[in-house]
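Worksheet: the structure to be examined is printed underneath.
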Amino acid sequence: MGDQYRDTGWIGITLTLTILAFIYYNIRRASGGKDLFIRRISGLNALDEAVGRAAEMGRPVLMVPGLSGLTAQTMQALNIFTYVTRIAARFANPILLCCPDAAVYTVGQEIIRDVYQSEGLADRYDPDSVRFISDRQFAFAAGVSGLILREQAAATFFMGDFYAESLIFAETANGVGAIQVASSTEATQTPFFIAACDYVLIGDEFYAASAYLTRQPVLTGSLVGQDWSKLLVIFMLILGTILTTFEQRGMTDTEWKEGKWQTIEGGPRWKTFEDTTVSRWFNPSPEKIKIDRPKEEAPAAPAEAGQ
Amino acid sequence: MKNPATFAEKLQTCPKWALYLLLITVTSLPLWVPLNVPNKPKQDAMDFYEAIWKIPEGKTVLIASDWTKSTRGESEGSFSALVRILMRRNLKFAVYSTGDPQAPEVARNVVAKVNRERRAAGEREYKRFEDWLSLPFFANSEGTTGGIGNNIRAILGNAKDAAEGQAPASVLNSPVLKDVQKVQDLGLLVNVTASKTADIIVERLYGKVPLAFMVTGVMVPETSNYYASGQIKGLVGGLKGVYDLEQLMQYGINWQGPDGKTMVKSDRNGEVPGFAVDKKFLIGNGTMYYPALHGAVTLLILAVVVGNIGMFLGRKGGK
Amino acid sequence: MIPFAQIRTDFWTDLPGSSSANLKIIVGLLVGIGVIFALLRMSTQFRRPLIVGSTFIAGLYYILLWLWPKPIDRDPGEVATNPVEGLGFWLEDANPAVSQVRNIIAAFLIGLGVYSLLRIHVGKIAKQQKDWGFSLVLLVSMFGMAGVGFADWASRQGPEGAKLDNQANWGAINYVQDFLFDGLLQQMDAAMFSLIAFYILSAAYRAFRARSVEATILLGTAMILMLSLLGGISYLSDQAIEKMGGTDPNAFINNFRLTELAGWIQNSVQVASIRGLQFGIGIGLLALALRLWLSLEKMGNA
Amino acid sequence: MDRYTLIKTGFGVLATIGLYSVLYKENKFYRFWEHVFLGLASGFTLLVLWTDTLNPNWYKPMMGAAAEGADPAKPAYWAYIFLLPLGLMGYFVFSNRHNWISRIPIGIMLGLFSAEQISVWFNRYGSQIGDSLRPIVPTTWDSLTKPATQGLTPERIAEVNSQVYLSQAITNIVYIVTLLSVVSYFLFSFEIKSKFMVRFTTVGRWLLMIGFGAIFGSTVMMRFSLLIDRMYFIWIEFLKQGVLGQ
């Protein structure tokens, strides 16, 4: 059997697969026409308001999909921005999408044009409204804040992976009196958004957003699946806490080493967390198996091209 | 609110430029008159210091140096402190980076600086390729880190480094990596980082080699998760961490200094000697910047307090 | 020694610089371009399956690497003893190469980024719009940096390159590169980064008001943490409290020392709450990853 | 400090002041340095893409290398060439009829990324879940808090360390309650009716705020130290050591 399945290593795989199963099952369920409840997420009701106000002022809506390259977080941010863009398009409101990465720029162009076309407003679509600024963190920060100041953005949306630059954007936008809706998947940046922005999506709300906005079966279903998974985690936490509470007391004369029970040389000792069942679940210690295989005559040829 | 009328409003509407000017002043002045601030090292820093001090003789330390000038304020302090301790312990080390193409060069400069210090203090200088290796930058952090876990020699094998005035040779021939066949052969892997490489390293190397991190202040909360869950042996966080470490280098832990006094006590650590009895040798960035940090943070606290007082007075006035 | 002694070649690998290798490369390129032309002619109904399929297969590698039995106790240079192990070996070996594919494709896309910049700034210059001068500055410094940087890089290749680690051996080009990169670019990075300090001050002054319960909690915790950072203050206050506790090192009051308090908040409440947050984010990411891998959601739907 | 270094440092200071000037208001001086910055950055990006990504990870493996000095020859993996047309497909994004082709490379990148995320998920969160499981009932009432272990026998120390004292138990309870309440705050698809659960999630939000406050507090340190470092650069490195030559 494979290395990753020995001792308690399989638990991790099982857990991940279970969660994936939950999500997939609920997506199917929802696609099957079952409509599912989603609680109110305050920050999101602000989207329309923000864009609306920008329209009144006739000043642009500025969007930043985080600092990462083409990652899932960035895609999620772009998903939310398509919603924003759609409203802006209807209000005939200028938009600016600032990309930190060429691949993101490519996807951005594709998506934004799609939005205008699907709204039948292809004539309002301006390729320059999606811009590649720079993929160097602080050059990007300088460029974007320059844009915010010069274009006098009326509404700004910062969503995705934000790092140190978050506060530069937020304060600059605040300086020109823009409404700001923000969200960072980096827990370390959320407090700064909370301090400086009008509306903030905290943590998971960012992933829930597109489901909340569109109510598409796939997304709502997946959201329900995520909740099941969280309940599973909660259950594990409660069960595990109880287990440790009862196991981690008193002395022991055997300990779990290299995948089997062994008596401790030098007599019994006081139990620690390492002696509990849950500790073994999460820290597998597979026993050392020696397997001797024939060697190649010539030195090993390095990896094959990833095709 | 245009032209603030009442005192309460004045308190709440101090112009930004005035705040900024104050900030520049309080951060500049202390640099001209350095002084020694009393301090109490944090546990994670002590564990870090002990972890390095407990590395078996002759083991090699691998340093993932993922910082550049943009976080010089904190990272250079951490890195030079680390190098000072390793050199004091006569441990061989190799520096590589997956965080930023510039990291290796910045690291080289720091090592050179510490070497100059040692020359001045009349100690043995570290020879490139003999005592330490400057490995290149590897793009794709995930791939490289994972690779180091699976087969370290294959990953580092392509790299070259040159002793002073010699032609570059494969680093595998260097005494530094002589006894390192698997990643398990390393004494410790220290990540001096200002980026996500910390996560990547824990995900791919935890359990294969003891880890210790030196991170920027902003990363302390996230990385203390790893410290709390015992995935990393020790943690030096931000300027405070650097200052802690520099103090430990001075006073050790549970250790009687030359003056017979034990400055730092801890019941969670064993006795770890300090060094650098000569203070001049030890004026690192931490000791240099810490007073200015006091100025800045105090200003911040005052600003918040004043703002709130203003608000409350304003409310009273409103009633 | 014979240079290529240790190379075993097969269909996928060839002798470096050999004509057959170059031929294969050229043919491969032509085939690739041929594929593109084929795509242009391909009928519409195959488009989606093609995109979905390529996405799925690309992802399948990592899923296999994760689930396929990993070889036990593998040492460098060993040969697999059975097919299952064989695939396991192959997956492990391919990892370094596959993990580069994303970067390489992304690198090829940079042309689009440059196109975007040129589109905007050349346009400005051509139309002599407001600030066209600055656009010129941008383009000049861009191509300047790229050109000089490349020349510098080229001069550092080969066995002589290591010499240039020492400033004494620098030529003009190395100086210019050092000036542009080390003198300007990196300094501006640091400058922009440090701007945040100012913004923190103004943001805290403006927004940190005890208006609501939540705001007050946030404010209070931040204050305690900031105070505990001040070695001076925490040291003195701890001294004071230890005096209250008297000689007994286990005095209960010692738990309320500023450093203890800050540490306690960080290690219990903060770690816990952030972990709670992270679990949510992690599961959200997992769900999104699944949807993207199986192309369950259309790109950019909302 | 030699003249070159002095000039270099001088320009560094100038650029720093230029970017700082935006703090007062957006002005031409800032705009100049901003554009220099963006230009240099993009230029550098182009450079690094070749020197650090394409050349070492694509071109060299594709071409292979003859044996030189200590290191053996590397075979040519010609198949790498297929990545080039794959990348070029992205450029169809501006074509109105064939823009769909650009989704193939994008799809492949996303596929690789997503699948890797799935495969490393447990590595990141597993041990964090494991570490969150802590005993919440004290095992001894000898003392409320964990006694200091100075001057005790090793056995005694081991015992003390393994015991769960009241204060620790309380801490662990706080910990687990925080964790649970925060996680349940992020449940979206359940209509929470019971008074208790409503309170519980509200508490979760409050505890989250404590976490954020703590992060803010500890982040401040880094931001300021970077500013201090800039000031060190201007005052000490440039003015004191450079101009005044001390």
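Only the side chain of D:Q163 comes within contact range of chain A, with at least one heavy atom under 4.5 Å from a heavy atom of that chain. Within the 4.5 angstrom heavy-atom criterion, no atom of A:L239 approaches chain D. Only the side chain of D:E34 comes within less than 4.5 Å of a heavy atom in chain A; its backbone stays farther off. In this structure, no portion of A:Q137 lies under 4.5 Å from any heavy atom of chain D. Heavy atoms of D:M62 lying under 4.5 Å from chain A are absent altogether. No part of A:S279 comes within reach of chain D, as not one of its non-hydrogen atoms sits under 4.5 angstrom from that chain. Heavy-atom distances place no part of D:I192 under 4.5 Å from chain A, backbone and side chain included. Both the backbone and the side chain of D:I129 come within contact range of chain A, judged by heavy atoms closer than 4.5 Å. Contact of A:I133 with chain D is made through backbone and side chain together, with heavy-atom distances under 4.5 Å. Using a 4.5 Å cut-off between heavy atoms, D:T139 touches chain A through backbone and side chain atoms alike. Both the backbone and the side chain of D:I118 come within contact range of chain A, each with at least one heavy atom under 4.5 Å from a heavy atom of that chain.
Using a 4.5 Å heavy-atom cutoff, the side chains of A:I202 and D:R205 are in contact. Residues D:V137 and A:R249 have side chains in contact (heavy-atom distance under 4.5 Å, counting atoms from C-beta outward). Residues A:S145 and D:Y30 meet the side-chain proximity criterion, which asks for heavy atoms closer than 4.5 Å. Annotation: side chain of D:V22 is in contact with side chain of A:L149 (closest heavy-atom distance under 4.5 Å).
Contact count versus chain D (heavy atoms, under 4.5 Å) is highest, among A:M236, A:E205, A:R136, for A:E205. Interface remark: of the candidates A:A164, A:G175, A:A187, A:A164 forms the most heavy-atom pairs closer than 4.5 Å to chain D. When the candidates A:Y105, A:F246, A:F140, A:F132 are compared by the number of heavy-atom contacts under 4.5 Å with chain D, A:Y105 comes out ahead. Heavy-atom pairs under 4.5 Å with chain D peak, among A:I194, A:V278, A:L237, at A:L237. Among A:R150, A:Q248, A:Q226, the residue making the largest number of heavy-atom pairs under 4.5 Å with chain D is A:R150. Per-residue heavy-atom pair counts under 4.5 Å with chain A were compared for D:Q117, D:R31, D:K25, and the maximum is reached by D:R31. For the set A:A103, A:A208, A:S134, the entry with the most heavy-atom pairs within less than 4.5 Å of chain D is A:A208.
Open room surrounds OH on A:Y24; 12 or fewer heavy atoms of other groups in view lie less than 6.0 Å from it. A:W228 CH2: more than 12 foreign heavy atoms inside a 6.0 Å radius.
Closest approach of A:A142 and D:F37 over heavy atoms only: CB-CD2, 3.8 Å. What you find for A:T241 and D:R134 is that their closest heavy atoms are CG2-O, 3.3 Å. For the pair A:K230 and D:F186, the tightest heavy-atom approach, listed with the atom from each and the gap, is NZ-O, 2.7 Å. The nearest pair of heavy atoms linking A:R113 to D:S95 is NH2-O, 4.1 Å. The nearest pair of heavy atoms linking A:I234 to D:L180 is CG2-CD2, 3.7 Å.
Considering OG of D:S114 and CE of A:M75, their distance stands at 9.0 Å, rounded to 0.5 Å. To the nearest 0.5 Å, atom CD of residue A:E110 and atom CZ of residue D:F94 are 10.5 Å apart. The CG atom of D:N99 sits 7.0 Å away from atom CG of A:D114, with the distance rounded to the nearest 0.5 Å. Separating the CZ atom in D:F212 from the OG1 atom in A:T188 is a distance of 10.0 Å, to the nearest 0.5 Å. One finds the CD1 atom of A:I238 at 11.0 Å from the CG atom of D:L133 (value rounded to the nearest 0.5 Å).
Between A:F282 and D:F122, the ring planes lie parallel to each other; the angle is under 30°, not in the 30° to 60° tilted range.
Taking the six-membered ring for Trp, A:F37 and D:F190 have ring centres at least 6.0 Å apart.
In this view, D:S189 and A:D227 satisfy the side chain to side chain donor-acceptor pair (under 3.5 Å) rule, not counting sequence neighbours.
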Using the side-chain contact (heavy atoms from CB on, under 4.5 Å) rule, take D:Y185 and A:D204 through it: C-alpha gap first, then chi angles, then the decisive distance, then the call. CA-CA 10 Å; D:Y185 169 75; A:D204 209 7; over 6 Å; no
Would A:T190 and D:I215 count as a side-chain contact (heavy atoms from CB on, under 4.5 Å) if you check the C-alpha gap in whole Å, the side-chain angles of each, and the deciding distance to 0.1 Å? CA-CA 9 Å; A:T190 315; D:I215 288 179; over 6 Å; no
Just do the side-chain contact (heavy atoms from CB on, under 4.5 Å) check on D:F113 and A:L70 with the steps written out, would you? CA-CA 9 Å; D:F113 175 84; A:L70 192 60; over 6 Å; no
For a side-chain contact (heavy atoms from CB on, under 4.5 Å) check, start with the C-alpha distance between A:F192 and D:T219, then their side-chain angles and the critical distance, and finish with the verdict. CA-CA 10 Å; A:F192 297 96; D:T219 311; 3.4 Å; yes
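Against chain A, the residues from residues 41-48 of chain D that qualify, each with a non-hydrogen atom under 4.5 angstrom away, are D:A41, D:S42, D:F44, D:T45 in number order.
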